[in-house]
Amino acid sequence: MDRPASRFQHLALAVLLAALSSACTFHSTDSTEIGVLTRKVTFFGLLGHKGIQDEAYPPGATYTFPALITDWNVFNVALQNLEMVASKGRGDRDSRDDLEFKTHDGNDIAVDVTVAWRIDPTKASYLLARVGGTTGEVKEHLVRPACRTIVRDVLNTMTSEEFYVSDKRFEKAEQARQKLAAVLGPEGIVVERVILGEHHFNPEYEKVIHDKKLAEQTAERMVSEGNAAQQEALRNLETAKGQVSQQIAKAQGQLNQVKLAADADYFKAQREAEALLAEKRARAKGIEKQNAEMSGAGGRIMVKLRLAEALEGKQILFVPSGAKGAALQTMNVNELISRYAAARVDEERGRSVRPAVERPK
């Protein structure tokens, strides 16, 4: 009796397996999706191990599994955005969803934050077991709570004025990304980027900050204009110095030309004076020699020769003196000739000396 029963059980199991095998379902993955299979019944290990399978099925394919005894979950592994913003309907919530907290100096602030993240394909089965069966569930149950907490903790270390400095915002955004990666990485989430959007202070404080920034900008503009005016004054000063230097150089050149011309005139006049003096001295020496020669026998001969030349062709009459013309006077003809010749020599000497004296200097 036991053997037929045992045979019946095996036959029934075979029929059930055949029925389940014939009732298969088809599952597909999109180009950015991966699939995770869960086996609910394995028939004592004949179909593998029970539960979530470690293998992730690649994207862009169709798979066939027995119906009723398997479950199929799909995860989108493309880049996802968690948008927590103030504008209604733009982010992940229909209501206001930006991060609200206090700055390090105690002011209330709200900041729009966007976190770019994606699922690690190798951790899909882990996420299915620990978090949820869809990408949306992973986002809501894991990514969103971690991002709101960690990003808020990083940003509330900033002062109010640091939110107006772009470099400070970028620095804190990167710091938040690194902390999120350290927390969510082991859970199968890759955090690519944290983006800080618009921020909003309390309206009254916003006005104070705005007025302060305007005052700082005005002060910076005035300092910049002052520096520009100073630079312009320095440029004008350098230009004026250049013009004065040019005028000084020009005047110096003209002065040097005048000096050179004066020196040339002086040198010329000096040479002319020296030449005139040498000429006068030579003439004086000539006259001196001539006088020395005329004072001797040669001079007397010259006088007689000149007298003879002067009396050549002239008649010499001897006129008697006295009332009745009877008396005759004698005269020394030699003395008369000597005096006449001396007078002629003195006259010629004066002619030779006068032009040299009257020559202009």
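Summarising the geometry, atom CZ belonging to R90 is positioned 11.0 Å from atom CG belonging to D97; distances are rounded to the nearest 0.5 Å. Once rounded to the nearest 0.5 Å, the distance linking OG of S224 with CD of Q217 reads 12.5 Å. To the nearest 0.5 Å, atoms CG (L260) and CG (D265) are separated by 11.0 Å. To the nearest 0.5 Å, atoms CD (E140) and CG (L82) are separated by 8.0 Å. Rounded to the nearest 0.5 angstrom, L196 CG and D112 CG are separated by 9.5 Å. In this structure, OH on Y266 lies 9.5 Å from CZ on R271, to the nearest 0.5 angstrom.
Residue pairs meeting the ring pair (Phe, Tyr, Trp, His ring centres under 6.0 Å) criterion with at least one partner in residues 68-99, sequence neighbours excluded, are H27-W72, Y57-W72, Y63-W72, F65-W72.
The shortest side-chain heavy-atom distance between N156 and T103 does not fall under the 4.5 Å cut-off.
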Q: Would you check, one step at a time, whether the test side chain to side chain contact (heavy atoms under 4.5 Å, CB included) holds for T38 with L128?
A: CA-CA 10 Å; T38 302; L128 178 60; 3.9 Å; yes
Q: Test salt bridge (Lys or Arg N to Asp or Glu O under 4.0 Å) on K179 and D153 and set out the steps.
A: CA-CA 10 Å; K179 287 192 174 184; D153 291 343; over 6 Å; no
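Judged by distance alone, the side chains of E174 and Q178 do bring a donor and an acceptor atom under 3.5 Å apart. Counting only N and O atoms by type, the side chains of D105 and S160 include a donor and acceptor under 3.5 Å apart. Using modelled atom types, one finds no donor on one side chain facing an acceptor on the other under 3.5 Å when comparing T159 with K168.
Minimum interatomic distance between K123 and P186 (heavy atoms only, all atoms of both residues): NZ-O, 3.2 Å. In terms of heavy-atom proximity, L37 sits nearest to D71 at CD1-O, 3.3 Å. When every heavy atom of A110 is checked against every heavy atom of D98, the shortest pair comes out as CB-OD2, 3.1 Å. Between R118 and L79 the shortest heavy-atom distance is CB-CA, 4.2 Å.
Looking only at distances, a side-chain donor or acceptor of T135 sits under 3.5 Å from a matching main-chain atom of N76.
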